[in-house]
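It should be emphasised that the depicted structure is a prediction, and the values quoted were computed from it without experimental measurement.
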Amino acid sequence: MLARVIATSVAALALAAAAQPAAAQTRIEVGGESGATLNEQSPKLADGSYYQCWVVEARGQPITIDLMSGFFDTFLVVGTGSDCGDSMTAIAADDDSGNNTNAQISGTFDVPRLLIRANAFNAGEGGNYWIKVTAGLPEVEERLGSMDALPQVTSEWGTETYVCAGAYRAMGELKQYVGRYGNVASIDYAARDRQVSGRLSAGEAGSADFMSSALALEALNGFIDDKPQNVASYLETVAACDRAYGFNPVTRYR
């Protein structure tokens, strides 16, 4: 699921990094998702933390809101009022229910316009983030396989240049955890990163960094939440990139 969220927002994030801050209130539909950036140009709360304001019309249906970032600790607040600043009337708030430092709020909100504050938990923190609003309450993901016998999965990420550069780059953080699988420990992924990164266009450089953070977060969440399928998904992405770019040996993780 994370792959589908990020794949559709990478282009938006690349633009957001160079664009002006979001408008005071940015509309997002139920079923919609978007990427943006918190930085020194973003509005600031009294505690010194950056935020941006989104608004959704849920029309009384149950919804789930996810705020995710690999760059800062997210903090999510929903409520009512004229804006998302300190005067906002909070209905619900969350720091890390979305795994690791990601935030998630779900429920039925019987208000015509629900304000969503996409906020950094700590003052001065910022970076790229993505926000998603889905209909219904979150599903409990079934655990597949085990950490000693990773399940067979299909990667959802593809083998675009920025994806593969990000996958190899993430190995710098993840190799201490995944090095025990197959031939992972014997491969120089930094060299593969350099080779693939040489093919990146100017506009893809930031997207590769974003993908590295997102892929590392997905795999680390697999270890934290005991979801072997997350770890297998990352390693299968790496193996698919190996095949696409003609690297030998191809990553084996079983």
Side-chain angles (χ1 to χ4, degrees), residues 2 5-6 8-10 12-60 62-134 137-138 206 209-210 213-214 216-217 220-221 224:
L2 185 58
V5 173
I6 298 173
T8 58
S9 59
V10 163
L13 286 167
L15 291 173
Q20 295 298 314
Q25 295 178 14
T26 304
R27 183 183 178 89
I28 187 168
E29 302 287 344
V30 176
E33 56 195 54
S34 186
T37 303
L38 291 182
N39 54 35
E40 63 275 4
Q41 297 179 355
S42 301
K44 188 184 295 185
L45 296 174
D47 64 6
S49 63
Y50 299 124
Y51 76 93
Q52 288 175 343
C53 191
W54 302 77
V55 60
V56 63
E57 296 179 3
R59 307 183 191 281
I63 59 172
T64 298
I65 305 167
D66 288 283
L67 179 63
M68 301 165 281
S69 177
F71 296 89
F72 61 91
D73 186 357
T74 61
F75 190 63
L76 184 61
V77 183
V78 299
T80 59
S82 59
D83 60 62
C84 292
D86 291 289
S87 64
M88 175 182 177
T89 300
I91 297 174
D94 183 74
D95 178 22
D96 57 8
S97 292
N99 294 328
N100 205 12
T101 59
N102 294 323
Q104 182 183 84
I105 291 175
S106 59
T108 302
F109 305 97
D110 193 16
V111 295
R113 296 174 70 256
L114 184 69
L115 298 179
I116 305 170
R117 182 196 294 160
N119 191 198
F121 186 80
N122 298 307
E125 286 189 347
N128 295 333
Y129 72 88
W130 59 101
I131 185 169
K132 177 179 66 165
V133 179
T134 54
L137 302 179
D209 285 336
F210 178 78
S213 178
L217 185 63
L220 288 172
N221 280 341
I224 293 169

Atom [atom1] of [X] and atom [atom2] of [Y]: how far apart are they, to the nearest 0.5 Å?
| X | Y | atom1 | atom2 | value |
| --- | --- | --- | --- | --- |
| T134 | I65 | OG1 | CD1 | 9.0 Å |
| N102 | D66 | CG | CG | 8.0 Å |
| M68 | W130 | CE | CH2 | 6.0 Å |
| N128 | S69 | CG | OG | 7.0 Å |

Is a side-chain N or O of [X] found less than 3.5 angstrom from the main chain of [Y], in a donor-acceptor match?
| X | Y | answer |
| --- | --- | --- |
| D86 | L45 | no |
| D110 | G60 | no |
| D94 | S97 | yes |

How close do [X] and [Y] get, counting heavy atoms only, and between which atoms?
| X | Y | result |
| --- | --- | --- |
| S106 | L137 | CB-CD2, 4.0 Å |
| N119 | S49 | ND2-OG, 3.1 Å |
| S42 | Y51 | CB-O, 3.8 Å |
| I28 | V56 | O-CG2, 3.3 Å |
| L115 | M88 | O-CE, 3.6 Å |
| W54 | A36 | CZ2-CB, 4.1 Å |

Trace of the side-chain contact (heavy atoms from CB on, under 4.5 Å) decision for I131 with I116: CA-CA 10 Å; I131 185 169; I116 305 170; 3.8 Å; yes
Considering only distance and modelled atom types, tabulate donor-acceptor pairs under 3.5 Å from the side chains of residues 70-80, sequence neighbours left out.
| from | atom 1 | to | atom 2 | distance (Å) |
| --- | --- | --- | --- | --- |
| T74 | OG1 | L67 | O | 3.4 |
| T74 | OG1 | T101 | O | 2.7 |
| T74 | OG1 | A103 | N | 3.0 |

Single hit among T108, I105, L114 for side-chain contact (heavy atoms from CB on, under 4.5 Å) with I63: L114
Pair Q104-T64, side-chain contact (heavy atoms from CB on, under 4.5 Å): steps then yes or no: CA-CA 7 Å; Q104 182 183 84; T64 298; 3.7 Å; yes
Derivation and outcome, side-chain contact (heavy atoms from CB on, under 4.5 Å), residues R113 and Q25: CA-CA 11 Å; R113 296 174 70 256; Q25 295 178 14; 2.6 Å; yes
Test item: side-chain donor near acceptor, R117 and Q52, under 3.5 Å: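 Absent: no donor and acceptor within the cut-off.
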Side-chain donor-acceptor pair present, N39, T37, cut-off under 3.5 Å: no
Side chains of E29 and V133 in contact at under 4.5 Å (non-hydrogen atoms):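 E29 does not reach V133 side chain to side chain.
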E40 and Y50: CA distance, side-chain angles, deciding distance, side-chain contact (heavy atoms from CB on, under 4.5 Å) verdict: CA-CA 8 Å; E40 63 275 4; Y50 299 124; 3.7 Å; yes
